[in-house]
Protein chains: 2
Amino acid sequence: MMQTERLVRRSTCARTKVGRKGAAVRASAARGGGRPHQQQSSSSRAVSRKESGAARRMAAAPRAIAKEVMLSKAPERLCREGDTGMREKFEKTIRKAQDEICAAITAVDGKSFHEDTWTRPGGGGGISRVLSDGKVWEKAGVNVSVVYGSMPPEAYRAATGVDKKGSTDPNDRVPFFAAGISSVMHPRNPHAPTMHFNYRYFETDAWNGVPSQWWFGGGTDITPSYVDEEDMKHFHGMYKGVCDKHDPEYYAKFKKWCDEYFVIKHRGETRGLGGIFFDDLNDKDPDTIFEFSKECMNTVVPSYVPIVERHVNDDFNEEQKEWQQIRRGRYVEFNLVYDRGTTFGLKTGGRIESILMSLPMTARWEYDHEPEEGTEEAKLLQYTRNAATWV
Amino acid sequence: MMQTERLVRRSTCARTKVGRKGAAVRASAARGGGRPHQQQSSSSRAVSRKESGAARRMAAAPRAIAKEVMLSKAPERLCREGDTGMREKFEKTIRKAQDEICAAITAVDGKSFHEDTWTRPGGGGGISRVLSDGKVWEKAGVNVSVVYGSMPPEAYRAATGVDKKGSTDPNDRVPFFAAGISSVMHPRNPHAPTMHFNYRYFETDAWNGVPSQWWFGGGTDITPSYVDEEDMKHFHGMYKGVCDKHDPEYYAKFKKWCDEYFVIKHRGETRGLGGIFFDDLNDKDPDTIFEFSKECMNTVVPSYVPIVERHVNDDFNEEQKEWQQIRRGRYVEFNLVYDRGTTFGLKTGGRIESILMSLPMTARWEYDHEPEEGTEEAKLLQYTRNAATWV
């Protein structure tokens, strides 16, 4: 929309300039033979290509967490040495879940996950596992990470509701700990759905006279290109089962939250067909919520893998593959425009390849594509426009 | 980045709720046969699928401009009847440019553009032309549009620098007129570059004792997957020629502005290899700047089409096609995350299909893809990381 670009110009321009400030480039001496003159930062000449990229990213994006250092092998623990209790327990749980889920996926696909591991100077780190170009999955990734960071007091107050003793100093920061597992899996067959899950635990340090705060968040959701009601009943049923075991109100509440979170607002469509989503969970004792979170992680494989196995050999034609690709375009739209984890991660200098691991291997945008009424494609769209109650 | 999602939760949640407020859904009576219960808004049952979609989008996204009404044929003029002078002249110019550019592209491709036209109840409208699945271009679109809208006083002050008599009433709005042409063309052959251009004219009505303000904006930029120095010299040389004819400072200034605007900040890369970009141009008399803007539009075909023609029959292998697809993924990242026109358009209820016409037909995301040093792919990346001076 060219006509509106200008309205937001000034502020974005300012950001661009600030963003590039550190990378102040200057023209290098002209090279011979009429070749174009390429500008280089003086620092980038002296360092390796990888470091140069990191230096550029440091300059290009404000960094809320320290730059990662890649490791050749995953360390015993990502938590700091002194961290015990729920921090240690949650890390162990997400790493076990990562191992088990990756093993289950590999058992079906036949291909192994590639692993990348990093730490950060101030503590914490992550393990990204990605399976690309598999037999069953086009792309599947499972990340765990542990972050020691700090947030502005307003963010803390918004998150915790604690504001009586809040600082008014804008430079004040509240230290926090966060650990989580997140995953997206995109199968090849258009009749096999994409699945996403994410489970996380947060703690703030005691701050400004207020004791430490903690909460859990997470969810698992499914994104088929074609509606198979049995699949949806199985998936939602499994999560309803876990929820019901812990609290009779959980499923209805977290299902609704999921439907409301994964909305592509400019399309008036949900990204997929739901699941559960929760945040700020701290209304029971931590061990009870931990058990709920752990069971949610343990439900990923039995809720999802049988659905994929059921459809892995389904026949499909070129039109169906294209429809899947169009839906993957919608997945990209949601993740890049609305997903809070993604957009926040891109702005704060997280590890880009781990953040964008969630994007599908391939996606498609056809101008004004609208499936014909009465088709299976139109049926899927209908369900993204009006959330169903599956179980 | 699961670990940071929570920090921005509260405000986004609020937006989600507000955004969905108008679409308050309620469970319909359960359907027979154990089928899932689908929720529908009562209003969507009575209207057609297209209208229902519109109603949903109205509810889902705050709308700064009136909903479009599709027409079967482009009207004689999109400007209001009483609009003369630059408004009328600029509309004529962009519509002529749209005709000529589409004709030139069709002459090369062999395929015609599909046209969609709309008006808006309060005046204005647009014409989208899209060529999909052509012989030479995978997707090429050229849009013109005329918008009568209104902006908040701060936006007006930021845009015009006029603030002495500014209103402090947050509900006050400054009426504006905007007309523009915008285009993106994605060829099939990985050796033929993508090209984008956009030229626009803005006017505010006299407001709060301040007389009417006006300005021009625009630019043309090129995004190859492989660097061909002759191509880049041709493209930049053509635009340098137009700039130099009008002002000796234009090219250096607008070339730099382009390099700084099209930055994918989280990657530390530019989207492409530049061109020109300008905004707020009102430092000469309007007719002089109009002539510059018109010449820029007229330079689109001679600066770009010969490059595509030179490469349309270049041999390429699967790896080169994949690299093009990866660069298209970067194009999507820029447009959805940073492009002001796109992000603003998505939020304000513009015509989604016209806004997202700029996205490529297909794109690809490979985990942690980094071309080997010394390859043509690494060379392209180098140029996106350190802007070159081509002419």
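Keep in mind it's a predicted model, so treat the numbers as computed, not measured. In what follows, every chain begins at residue 1, and chains take the letters A, B, ... in the order their sequences are listed.
- Interface remark: B:V130 contributes side-chain atoms only to the contact with chain A (heavy atom separation under 4.5 Å).
- Of all non-hydrogen atoms in B:W365 and A:K139, the two that sit nearest each other are O-NZ, 2.8 Å.
- With sequence neighbours excluded, the residues that form a side chain to side chain donor-acceptor pair (under 3.5 Å) with B:S128 are B:N143, B:S354.
- Nearest approach of A:E353 to B:E366, heavy atoms of both residues: OE1-O, 4.0 Å.
- Inter-residue side-chain proximity for B:T362 and A:T362 is flagged as unmet; no heavy-atom pair is nearer than 4.5 Å.
- When each of B:T343, B:T342, B:L346 is tested with A:V337 by the rule side chain to side chain contact (heavy atoms under 4.5 Å, CB included), just one qualifies, namely B:L346.
- If you measure heavy-atom distances from B:H114 to chain A, the contacts under 4.5 Å come from the side chain alone.
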Next on the checklist: Please determine whether side-chain contact (heavy atoms from CB on, under 4.5 Å) holds for the pair A:I352 and B:R267, giving the CA-CA distance in whole Å, both sets of side-chain angles, and the decisive distance to 0.1 Å.
Outcome noted: CA-CA 8 Å; A:I352 297 303; B:R267 300 275 187 187; 3.9 Å; yes
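- Residues B:E333 and A:L336 come closest through the heavy atom pair CA-CD1, 3.9 Å.
- Residues B:L356 and A:Y367 form no side-chain contact, since every pair of their non-hydrogen atoms from C-beta on lies 4.5 Å or further apart.
- Salt-bridge formation is not detected for the pair A:E138/B:R364: no Lys NZ or Arg NE/NH1/NH2 atom is positioned less than 4.0 Å from an Asp or Glu carboxylate oxygen.
- Partners of A:R330 according to the salt bridge (Lys or Arg N to Asp or Glu O under 4.0 Å) rule, which considers only residues two or more places apart in sequence or in another chain, are A:E269.
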